[in-house]
Asker: 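There's a structure below that I have some questions on.
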Protein chains: 2
Amino acid sequence: MKDDRLIFLIFTAQNKLRTYLNNALVAANVRVTFVQAGILFLLKQSNGRTMSDLSQLIGVDNSTLTGLVDRLEKVGFVARQASPTDRRSLLIQVTPEGIAEGDKAKMIIKRVNEEIKTGFPPEEMEIFKKILRSFFEKFNKNTGSRSEDG
Amino acid sequence: MKDDRLIFLIFTAQNKLRTYLNNALVAANVRVTFVQAGILFLLKQSNGRTMSDLSQLIGVDNSTLTGLVDRLEKVGFVARQASPTDRRSLLIQVTPEGIAEGDKAKMIIKRVNEEIKTGFPPEEMEIFKKILRSFFEKFNKNTGSRSEDG
DNA sequence: AACAAAAAGTTAGTATGCCAAATGTTTGCC
DNA sequence: GGCAAACATTTGGCATACTAACTTTTTGTT
């Protein structure tokens with residue numbers, strides 16, 4: 001009962017955060033979710049990235065990105081364009097509406113980011129981030145199996 | 001680019017952890033996911049809890065719990081039973097197989113819990129947990145809206 | 001040049017998760 | 001006792017997210 005709670009704590013805290021954040025976006029009449037906004041930010045920074053680039057940058061599987069881009073495309077915030085150099089690839093273009101919506105989302109996201117930090121000194125936040133970052137080495141693309149039996 | 005990354009970091013780290021953990025469970029031939037295992041633990045502790053009790057304890061919406069219990073019931077790890085005192089309520093009973101499966105899951109979960117902590121002194125883990133716990137006050141059941149305009 | 005292997009995207013299937021709405025039951029108030 | 005409000009659960013709709021399998025195209029090897 002003592003420390004089995006770590007994973008549970010992470011999961012539950014993230015659930016609360018996600019719900020709060022997406023509700024805040026809806027309340028501000030933003031028409032994209034947090035994850036979708038991430039795509040818009042990346043495309044504002046550098047338009048015409050490929051699907052694979054985007055999925056790597058936001059850290060999701062290619063197949064997850066397909067759905068994300070589908071939804072963004074349906075509402076006209078991005079468009080898929082054939083790559084002139086590689087016929088397997090698609091270049092994703094953000095539209096002016098997409099950029100505007102991303103900017104709206106950014107305000108809310110910045111605010112919630114600040115809310116996370118309130119009440120804690122910077123050193124503690126650094127530790128928090130350091131531990132989270134360690135997950136990328138520890139849990140990245142590895143089945144987590146030790147020497148599995150048959 | 002500096003600290004907009006906090007939320008992103010939390011989301012992505014949790015994704016890595018979840019995927020790693022569920023893959024570890026599959027690799028160990030455990031037939032339940034992490035979240036399902038949480039239900040089995042709670043029922044082993046105290047059998048016959050209601051749906052509402054369970055959803056509160058694991059911190060998900062009632063409607064999410066419906067699906068979780070559906071899946072556990074389908075494979076025979078729990079059973080729904082009518083409450084004798086309140087005809088609205090269902091009492092969820094864990095089966096011996098469910099308890100056994102929960103025990104199998106617990107070993108893996110304990111191991112991953114330890115993996116999270118490796119490399120960090122206890123004081124840092126305490127800070128980590130403290131910040132996560134703050135999410136429950138900050139982000140609990142509140143739309144996150146400030147004074148939204150029309 | 002031929003052919004295998006790798007890479008880019010999509011699709012299908014499954015599992016969380018939320019919200020809103022619907023159903024049935026119980027409570028509280030008069 | 002009657003009726004509105006609250007509660008317990010489910011359903012339907014949507015959004016992530018993964019894995020596995022599939023198609024098309026490119027690369028790498030001989």
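Just so it is clear: chains get the letters A, B, ... in the order the sequence lines come, proteins before strands, and each one is counted from 1.
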Asker: Between Q14(A) and dG17(C), does any side-chain N or O lie under 4.0 Å from OP1 or OP2?
Answerer: no
Asker: Just how far, in rounded Å, is P of dA21(C) from CG of N62(B)?
Answerer: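 The answer, rounded to whole Å, is 17 Å.
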Asker: Taking the side chain of R88(A) as heavy atoms from C-beta outward, which of dT26(D), dC18(D), dT16(C) is closest to it?
Answerer: dT26(D)
Asker: Are OP1 or OP2 of dC18(D) and a side-chain N or O of S63(A) less than 4.0 angstrom apart?
Answerer: no
Asker: Please report, rounded to the nearest Å, how far the C1' atom of dA17(D) is from the OH atom of Y20(B).
Answerer: 19 Å
Asker: Given atom CZ of R80(A) and atom P of dG9(C), what is their separation to the nearest angstrom?
Answerer: 9 Å
Asker: What's the CZ-P distance between F11(B) and dA15(D), to the nearest Å?
Answerer: 16 Å
Asker: Please figure out whether L90(A) or V60(B) has its closest DNA chain C nucleotide nearer the 5' end.
Answerer: L90(A)
Asker: Can you tell me the distance, in whole Å, between the CG atom of L65(A) and the P atom of dA8(C)?
Answerer: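 Spelled out: CG on L65(A) to P on dA8(C) is 13 Å.
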Asker: Of the non-hydrogen atoms in A24(A) and I108(A), which two are nearest, and what is the gap between them?
Answerer: CB-CG2, 3.8 Å
Asker: Which nucleotide wins on minimum distance to the side chain of M51(B), given the candidates dT26(C), dT9(D), dA15(D)?
Answerer: dT9(D)
Asker: Consider the side chain of T66(B), meaning its heavy atoms from C-beta on, and name the nucleotide among dT9(D), dC18(C), dT25(C) that approaches it most closely.
Answerer: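 Of all the options, the side chain of T66(B) is nearest to dT9(D).
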Asker: Can you name the closest pair of heavy atoms from L43(A) and G48(A) and give their distance?
Answerer: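 Shortest heavy-atom separation between L43(A) and G48(A) comes out as CD2-N, 4.2 Å.
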Asker: Check every strand shown and say whether S83(B) touches a base, only sugar-phosphate, or nothing at a heavy-atom separation below 4.0 Å.
Answerer: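 Nothing, no nucleic acid heavy atom in range.
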Asker: With a 4.0 Å cutoff (strictly under), does any side-chain N or O of R71(B) reach OP1 or OP2 of dT16(C)?
Answerer: yes
Asker: T64(B) side chain: which of dT16(D), dT25(D), dC18(C) is closest?
Answerer: dC18(C)
Asker: Less than 4.0 Å between a side-chain N and a carboxylate O, is that true for K110(A) and E114(A)?
Answerer: no
Asker: Would you mind telling me which of dT26(C), dC18(D), dC18(C) lies closest to the side-chain atoms of D61(A)?
Answerer: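 Side chain of D61(A) sits closest to dC18(D).
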Asker: Would you kindly check if the NZ (Lys) or CZ (Arg) of K16(B) is within the cone defined by 45 degrees around the ring axis of F136(A) and under 6.0 Å from the six-membered ring centre?
Answerer: no
Asker: Taking only N and O in the side chain of N15(B), is any of them less than 4.0 Å away from OP1 or OP2 of dA17(D)?
Answerer: yes
Asker: Check this one for me: any side-chain N or O of N23(B) less than 4.0 Å away from OP1 or OP2 of dT19(D)?
Answerer: yes
Asker: Decide whether I109(A) and V26(A) are clustered together by the hydrophobic rule: side chain heavy atoms of Ile, Leu, Val, Met, Phe, Trp, Tyr closer than 4.5 Å, transitively.
Answerer: no
Asker: What is the separation between atom CD1 on I7(B) and atom P on dT16(D), rounded to the nearest whole Å?
Answerer: 15 Å
Asker: Do S52(B) and dC7(D) have a side chain to base donor-acceptor pair shorter than 3.5 Å?
Answerer: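 Such a pair does not exist between side chain and base.
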Asker: L17(A) has an atom CG; how far is it from atom P of dT16(C), in whole Å?
Answerer: 20 Å
Asker: Given dT16(D), dG17(C), dA20(D), identify the nucleotide with an atom nearest to the side chain of L68(A).
Answerer: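 Among the listed nucleotides, the one closest to the side chain of L68(A) is dT16(D).
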Asker: Expressed as a whole number of angstroms, how long is the span from D70(A):CG to dA12(C):P?
Answerer: 12 Å
